[in-house]
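Reviewing the structure listed below.
Just so it is clear: chains get the letters A, B, ... in the order the sequence lines come, proteins before strands, and each one is counted from 1.
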There are 2 protein chains.
Amino acid sequence: MNLIDQIIKQLYCFERQSISELSFLTKKSVPKVTEEVGKLVSEGILLEAGSAASTGGRRAMQYQLSVENLPYIVTIAIDQYFTTIAVLNFRNEFVVLPNRFPTNINNDQEAVISITKETKKLLSALDKNGNFIVGVTMPGFVDSESGLNRSFPKDSLCYSIKEYFENALGFPVQLANDSSAIAIAEHRFGDGRRSQNVLVVNLNWGVGLGIIIENQLYKGHSGYAGEFSHIPLANSKRLCSCGKKGCLEVEASLSCALEYVREFLEEKEPSVLQSVLAKNRVIDLSDLVRAFEAGDQTAIKAVKAITYMLGKGLATLIHIMNPEKIIISGNGAAFGRGLLPTIQAALQEYCIPRLSHSTEVIISNLAHIQIISTACIAVLQTNMYQYQHK
Amino acid sequence: MNLIDQIIKQLYCFERQSISELSFLTKKSVPKVTEEVGKLVSEGILLEAGSAASTGGRRAMQYQLSVENLPYIVTIAIDQYFTTIAVLNFRNEFVVLPNRFPTNINNDQEAVISITKETKKLLSALDKNGNFIVGVTMPGFVDSESGLNRSFPKDSLCYSIKEYFENALGFPVQLANDSSAIAIAEHRFGDGRRSQNVLVVNLNWGVGLGIIIENQLYKGHSGYAGEFSHIPLANSKRLCSCGKKGCLEVEASLSCALEYVREFLEEKEPSVLQSVLAKNRVIDLSDLVRAFEAGDQTAIKAVKAITYMLGKGLATLIHIMNPEKIIISGNGAAFGRGLLPTIQAALQEYCIPRLSHSTEVIISNLAHIQIISTACIAVLQTNMYQYQHK
DNA sequence: GAAACTTATTAAATATTTTATTAAGTTTCT
DNA sequence: AGAAACTTAATAAAATATTTAATAAGTTTC
């Protein structure tokens, strides 16, 4: 990774920075950074952005990216049941607002084809002289380098999905696991910004984990680190899709919360959700969030149940990793700070106080986290050096 | 850490290396390394050690440390019930053979005083013009940088134990947690030598964990990473010293194995250990190891019980960390490869196959691991630059 | 409002790395 | 067996980057 690439990426994450800040961030000397920034300014990729606030001496010139001369970022965020497409610029501003539509990843071929169609439709409406980069995030054993999702059989379109999208769309594609991407985004743009060691939980239909160590995503030996979903947690009889019993995923995921709600409603518990169920025949996540925020006892009971088990899982994480922060992100973060009391109760029960006290648990407040995180990996995994001469 | 310091430490770990190997290890250029090695040779700290085996071209000159011009390493390895003292040179050869004597760390003052006495006795018999470095390893929440063991109250001699030993002995002292030190030693001298990401389990009276990521000990936010002992593991009623139930420590430690043996023998199970108990009134670890190796069913039952629970704990580690290798080290490694079948059985039950298959579990075969590891941290934590001018 | 103090920028000196060259030892082919 | 071709190590020269010092541009204090 060369210096120009690094400078562009730092400015993508931090918007406006001075030479000396960039020198610190890239660990290169001031004269060297000055030289490279000069080049980028003369090529129209960087802009002078006024002088920085006073720190007691001569004020530093700040620089920012010139979004006009950089490509648009097409984001394709795939989860178990939905896909969201959007287009952003290098300031993370929406060029095309998010479009969310149902896709079942278990119907892999069908899902990929409909995603391709939607994306093409969107791109044809836009014109940027083909200056696009594409980011794709999805669950599974994803290998970013090779662009493969090894959770699918080799003949599935989802297996060599990077290659598939590159051929179908005609632009460079970057692929990442959804939880890994969210971890990176929370560390760059969210509450993890000032921390070197952060764990980010992707509370979603499953429960993912991204591990940031020394400001970098920890991938493990074969790229599968963070398989939090399937750690043995409870002596329950609930069977997991992986074939084992007592996995965290079947005790602490959003799917699990919705299932609890379904059970409770079947048992005729009084709840505002009874009327929603009657009307829509189904309870979805936003229904549950609204009921939870409104103080509905059934909703609270279901959410508390998964949150407590999540907390028990976090206790194990804290003991092993001693992280500075744990950020609860993903769709489940929509429940907000109301999750914290139950998590803290579980930590109190399962953690050595000295350890739980040195880790801060935070609920993410980043909006559109799946899209932002997809844009983030699109940029960070692309070699920006190539844009020097355009 | 400057280059001279790095070169000395690399040669401590790898014995004999050529310029180009050192250049690779230190990530510095060949001319620079050549210059520094030249200095060290002229000062008598390095010796030319013949040319390397042929690799198809001109043979490289190898260099090694000149132990005569480097200090002796005094190692003080403290565990829950025993302390072992030894003296080594920079080739990890014994200058004074290990001396193991009982010390109860819970009687902190008494233990420290008796260790000091033994060490002084040993040093006075030796003469190296006061050219010693001292390493101390012990269990607890140890902070190597400040030299404090925060598991003890502030007025205990064990709290500011580095300072205490430095004053009492008059030589620089390096302090580390026992499991952290063992992890570093297994990574430098043991089966973890060729791996970047290794987990080392210190199977002892408790169960410690040292995490090596990218060839470095991972310490976590406040230095307490690897508190494997107290992760919630079982729904058992056995109470842990930490006040919680179901901790790994009370299900998978050597203390636990000995307790099982005691119970089994009380229940009059036939065993070779019955006669040992009758003779010595107590069963110690070496008795259990001998019985286990001899195929004694009671010994095997006790060891299998803790090993299975350890395996369950390892499953969690593998899911989260996806390590290349897990090395079972510490006193428990004395049971040898006989531990593996039970561990593998537990992994099969609690791990996703894709993950367990990508991690290799190994039983350590390093002799004197606690002493070697103590020497290792004594050297690696000392700034070797100072020895350039002596 | 000048003097003392900070900090950014630029210039010069120093240090390091890269590249090219030369030396030394292996292998291969006749 | 012995020379030619091939590797790799060690050294020298050139290119590059960093450190240090000097200067410029603001702030704060008295």
Would you mind checking if [Y] and [X] are paired as a salt bridge, meaning a charged N to carboxylate O distance below 4.0 Å?
X        : Y        : result
B:Arg150 : B:Asp143 : yes
B:Arg16  : B:Glu48  : no
A:Lys162 : A:Glu166 : yes

Where the side chain of [X] is concerned, which of [options] is the nearest nucleotide?
X       : options                : result
A:Met61 : C:dA11, C:dT17, C:dT9  : C:dT9
B:Ile19 : D:dT18, D:dA10, D:dA9  : D:dA10
B:Thr34 : D:dT11, D:dT18, D:dA9  : D:dT11
B:Ala60 : D:dT27, D:dA10, C:dT17 : D:dA10
A:Arg59 : C:dT10, C:dT26, D:dG26 : D:dG26
A:Lys32 : D:dT18, C:dT17, C:dG25 : D:dT18

Interatomic distance where [atom1] belongs to [X] and [atom2] belongs to [N] [whole Å]:
X       : N      : atom1 : atom2 : result
A:Glu21 : C:dT9  : CD    : P     : 10 Å
A:Glu48 : C:dT9  : CD    : C1'   : 13 Å
A:Phe24 : D:dT19 : CZ    : C1'   : 18 Å
B:Leu22 : D:dA10 : CG    : P     : 11 Å
B:Asn2  : C:dT16 : CG    : C1'   : 15 Å
A:Glu36 : D:dT18 : CD    : P     : 10 Å
B:Glu35 : C:dT14 : CD    : C1'   : 12 Å

Original post:
Is the shortest heavy-atom distance from the side chain of A:Phe165 to the side chain of A:Val134 under 4.5 Å?
Top reply: no

Original post:
Now, which nucleotide makes the Watson-Crick or G-U wobble pair with D:dG26, with each of the two distances under 3.5 Å?
Top reply: C:dC5

Original post:
Hey, does the side chain of A:Ser29 come within less than 4.0 Å of D:dT19's phosphate (OP1/OP2), counting only N and O?
Top reply: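 Answer is no, no contact under 4.0 Å.
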
Subject >> Point-to-point distance, once rounded to the nearest 0.5 Å, from CD of A:Gln216 to CD of B:Glu214 >> reply: 7.0 Å

**OP:** Return the 5'-most residue of the pair B:Ser20, B:Pro31 with respect to DNA chain D, ranking by each residue's nearest nucleotide.
**Re:**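 The residue closer to the strand's 5' end, by nearest nucleotide, is B:Ser20.
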
